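See structure below.
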There are 2 protein chains.
Amino acid sequence: MGATKTDLFTKEQNELANIARALGHPARIAILQHLVKINACICNDLKNELGLAQATISQHLKELKNLGIIQGSIDGTSICYCIDPKVWEEYKILFQTFFAGYQNPDKKCCEPGQC
Amino acid sequence: MGATKTDLFTKEQNELANIARALGHPARIAILQHLVKINACICNDLKNELGLAQATISQHLKELKNLGIIQGSIDGTSICYCIDPKVWEEYKILFQTFFAGYQNPDKKCCEPGQC
DNA sequence: ACATTCTATCGTAATATTGCAATGAAACGA
DNA sequence: TCGTTTCATTGCAATATTACGATAGAATGT
């Protein structure tokens, strides 16, 4: 035991959970926010921006790239990373849909005798 | 090493990452979706709904309760869980804001010579 | 060719997460 | 009171994540 039992859940549940888990680290949030802020590609200033080692940043970038939300292209000795607009939009809608599903019920929840 | 270096990041980044990580498991997504679907409190049918052991479900519920997105109230021998509308709305806006920050730039990203 | 720069990968250690059986604790009904 | 039901907690094992130093690979400039 110890591994997530993905087979118990739907494809959609696993997908949303995967995206959420990828966003579930402040370094990766910071990377994405930085990319959003400059609204362009970044090449080498990530090590100064975050306080982490180069190898660690590379790992986080790899996860975000695996998720598809960022893309990298080689530019000489450095690599340009930027947000993939399509995937960003797709995930945005996924979260929107998830959160939009809930409507605040007028009747109070978890009142005695309700269950 | 091995622990996340939360001190390197802002409170907002850590908060968003924490929420995302809590959503980063299909069982917890499934629990929330189930709560959304019935739009009321649940008391005991979670073990049948998911295929996990009671102890495991209890753990996931605890995490969601710690996050604040669900609340539980005692009803006899069972416990009613339901979504906390305020927190749900708060997190909904947090993710909306995060995703809304990015505007698809008109110029192509990661073109040669751009960096 | 050689040194330099930038990034990915490997190896390793520390820590966190996931899952379950077993055990507790609290409320209910007979 | 005693057994039942329901959920939380504990203890443990398996797996995943995080972080970094060291190393390797690829492109550039001299």
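Note on naming: letters A, B, ... go to the chains in the order of the sequence lines (proteins, then strands), and numbering restarts at 1 for each one. Not measured: the values here are computed from a predicted model.
Using a 4.5 Å cut-off on side-chain heavy atoms (C-beta onward), A:Leu8 and B:Leu50 make no contact.
Side-chain proximity of A:Lys62 to the nucleotides D:dT15, C:dT9, C:dA8 is greatest for C:dT9. Here the nucleotide nearest the side chain of A:Ala3, chosen from C:dT7, D:dT6, D:dT15, is D:dT15.
DNA chain C is contacted by B:Ala55, B:Thr56, B:Gln59, B:His60 of residues 54-61 of chain B, taking any non-hydrogen atom closer than 4.0 Å. A heavy atom lying under 4.0 Å from DNA chain C marks none of the residues of residues 10-22 of chain A.
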Without placing hydrogens or testing angles, list every side-chain donor-acceptor pair under 3.5 Å for residues 84-94 of chain B, not counting sequence neighbours.
residue, atom, partner, partner atom, Å
B:Asp84, OD1, B:Lys86, N, 3.1
B:Asp84, OD1, B:Val87, N, 3.4
B:Trp88, NE1, A:Phe99, O, 2.9
B:Tyr91, OH, B:Leu67, O, 2.8

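At whole-Å resolution of the value, CG in B:Asn48 and P in D:dT6 are 10 Å apart. A straight line from NE2 of A:His25 to P of C:dT15 spans 15 Å, rounded to a whole angstrom. Rounded to whole Å, the distance from CG on A:Leu23 to C1' on D:dT17 is 16 Å. In this structure, B:Leu64 atom CG and C:dT18 atom P are separated by 11 Å, rounded to whole Å. Following rounding to the nearest Å, A:Glu63 (CD) and C:dA8 (C1') show an atom-to-atom distance of 15 Å. With rounding to whole Å, A:Ile31 atom CD1 is found 12 Å from C:dT7 atom P. Atoms CD1 (B:Ile79) and C1' (C:dC28) sit 14 Å apart, rounded to a whole Å. For B:Lys5 and D:dT18, the NZ to P distance is 14 Å, given to the nearest whole Å.
Considering only side-chain N and O atoms, A:Tyr81 lies under 4.0 angstrom from the phosphate OP1 or OP2 of C:dA8. Within the 4.0 Å cut-off from OP1 or OP2 of D:dA8, at least one side-chain nitrogen or oxygen of B:Lys65 is found.
At a threshold of 4.0 angstrom between heavy atoms, the contacts of B:Ile74 with the nucleic acid are absent.
Qualifying side chain to side chain contact (heavy atoms under 4.5 Å, CB included) partners for A:Thr6, counting only residues two or more places apart in sequence or in other chains: A:Thr4, A:Asn14. Not counting sequence neighbours, the partners of B:Asn18 by the side-chain hydrogen bond (donor to acceptor under 3.5 Å, both in side chains) test are B:Arg21. Applying the side-chain hydrogen bond (donor to acceptor under 3.5 Å, both in side chains) test to A:Gln59 and every residue at least two apart in sequence or in another chain returns nothing. Shown here are the side-chain hydrogen bond (donor to acceptor under 3.5 Å, both in side chains) partners of A:Thr56, two or more places apart in sequence or in another chain: there are none. By the salt bridge (charged side-chain N to carboxylate O under 4.0 Å, His left out) test, B:Glu63 is found to be paired with B:Arg28, residues two or more places apart in sequence or in another chain being considered. Remark: B:Gln33 engages A:Gln13, A:Phe98, B:Ile29 in a side chain to side chain contact (heavy atoms under 4.5 Å, CB included) (not counting sequence neighbours).
Going from atom CG of B:Leu35 over to atom CD of B:Glu49 covers 10.0 Å, rounded to the nearest 0.5 Å.
Nearer to the 5' terminus of DNA chain D, by closest-nucleotide assignment, is the contact made by A:Thr4 (compared with the other of A:Leu52 and A:Thr4).
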